[in-house]
Amino acid sequence: MHLLTLTTLTLTTLATTATAVGNAVVTNNCADPIYLWSVGSSVSPKHTIAPGSNYTEPFHHDDQSGGIALKITRTDNGLYDGSAQLTYSYSLDGESVWYDLSSVFGDAFEGDAVVVKPDDEGCGSICWPEGSTPGGSQVKTCGAGGDIGLVVCAEGC
Ligand SMILES: *[C@@H]1O[C@H](CO)[C@@H](O)[C@H](O)[C@H]1NC(C)=O
C-alpha cells in the first residue's frame, strides 16, 4: 500500500516535470504601445502591449509551421501595412526550444536596445544594443522549461 502510493506519487511528479514548459514573454519597455501577432500556421488577433506590460504565451509547437513567429510592430496595423517588424521566433523541439531574433522591412526599434534573455543564464542571449540587426541568424537553444523574455527599449544588453 505504502509502496503503491509512493510509486504513484513518483510517476505523477515525473509526468509533471516532463510536461512543464516555459513561456515566451515580450515586455514593452518603450514609451508607446507596441503591437504583436503570434504567427504559426495561422495568425492570432492583434495584441496591444501597453508601456511597462508584457505579452506571454507558453511555448508550443505548430503541427504545420513547426515554429512560431511573434511579429512586433510599433504601428497599430503594422503587420498589414508594410511597417518594420521585429520577429522573435521560437521552435519547441521536445525538451529544447530554439530561438532567434530578426527584422523585416527595416529595424522597428532602431536606436533602442532589444534583448532576448532566457531565465536560465547558462543559455545564450541575443542583444542588439542599437536595435539594428547584425544580419544573419543568431539561433540559440535552451531547455524548454524556463521562460525566455524579449525586452524592447531595454536598458541595455
Ligand atoms: C507580465 O505581466 C504580468 C501581469 O502584469 C505579471 O504578473 C508578470 O510578472 C509579468 N511577467 C514578466 C516576465 O514580466
Side-chain angles (χ1 to χ4, degrees), residues 12-63 65-80 83-104 106-134 137-157:
T12 308
T13 309
L14 284 176
T16 308
T17 309
T19 54
V21 88
N23 302 296
V25 182
V26 176
T27 302
N28 180 11
N29 202 33
C30 300
D32 297 303
I34 62 172
Y35 306 90
L36 179 150
W37 293 260
S38 179
V39 182
S41 52
S42 60
V43 181
S44 77
K46 177 183 72 184
H47 298 274
T48 301
I49 312 174
S53 57
N54 67 65
Y55 166 83
T56 300
E57 72 174 35
F59 290 124
H60 61 281
H61 180 86
D62 185 286
D63 284 338
S65 65
I68 304 292
L70 302 179
K71 294 175 176 264
I72 300 156
T73 71
R74 301 185 94 158
T75 49
D76 192 343
N77 197 37
L79 186 65
Y80 302 104
S83 294
Q85 295 171 19
L86 179 70
T87 301
Y88 167 16
S89 50
Y90 69 82
S91 180
L92 178 62
D93 178 16
E95 302 284 289
S96 307
V97 62
W98 299 82
Y99 49 101
D100 198 7
L101 195 62
S102 57
S103 282
V104 281
D107 293 312
F109 296 92
E110 182 135 44
D112 291 304
V114 294
V115 56
V116 177
K117 202 174 269 183
D119 278 0
D120 180 347
E121 288 173 7
C123 303
S125 59
I126 302 172
C127 189
W128 301 351
E130 294 296 330
S132 48
T133 176
S137 166
Q138 308 168 279
V139 179
K140 304 272 188 294
T141 185
C142 198
D147 292 353
I148 301 178
L150 163 67
V151 180
V152 297
C153 302
E155 304 270 316
C157 285

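As the structure lists them, so they are numbered: ligands from 1, and atoms in each ligand from 1. When reading the values below, keep in mind they use all heavy atoms of this one structure, side chains included, and skip hydrogens, waters and symmetry mates.
Other residues, nucleotides and ligands contribute more than 12 heavy atoms inside 6.0 Å of the CH2 atom of Trp37.
Given atom 12 (C) of ligand 1, the protein heavy atom at minimum distance is Asn54 ND2, 3.4 Å.
For atom 14 (O) of ligand 1, a protein non-hydrogen atom is found at a distance below 4.0 Å. Protein non-hydrogen atoms do not reach within 4.0 Å of atom 9 (O) of ligand 1. When distances from atom 5 (O) of ligand 1 to the protein are checked, no heavy atom turns up under 4.0 Å.
Between Cys30 and Pro51, the closest side-chain pair of non-hydrogen atoms is not below 4.5 Å. Using a 4.5 Å heavy-atom threshold, the side chains of Lys71 and Val43 count as separate.
Ser83 and Thr75 are linked by a side-chain donor-acceptor pair at a separation below 3.5 angstrom, with hydrogens and angles left out of the test.
Each of Val25, Asn28, Leu70 was scored for a side chain to side chain contact (heavy atoms under 4.5 Å, CB included) with Tyr55, with one residue passing: Leu70.
Close approach to Val25 involves these atoms of ligand 1, each under 4.0 Å from a residue heavy atom: 13 (C).
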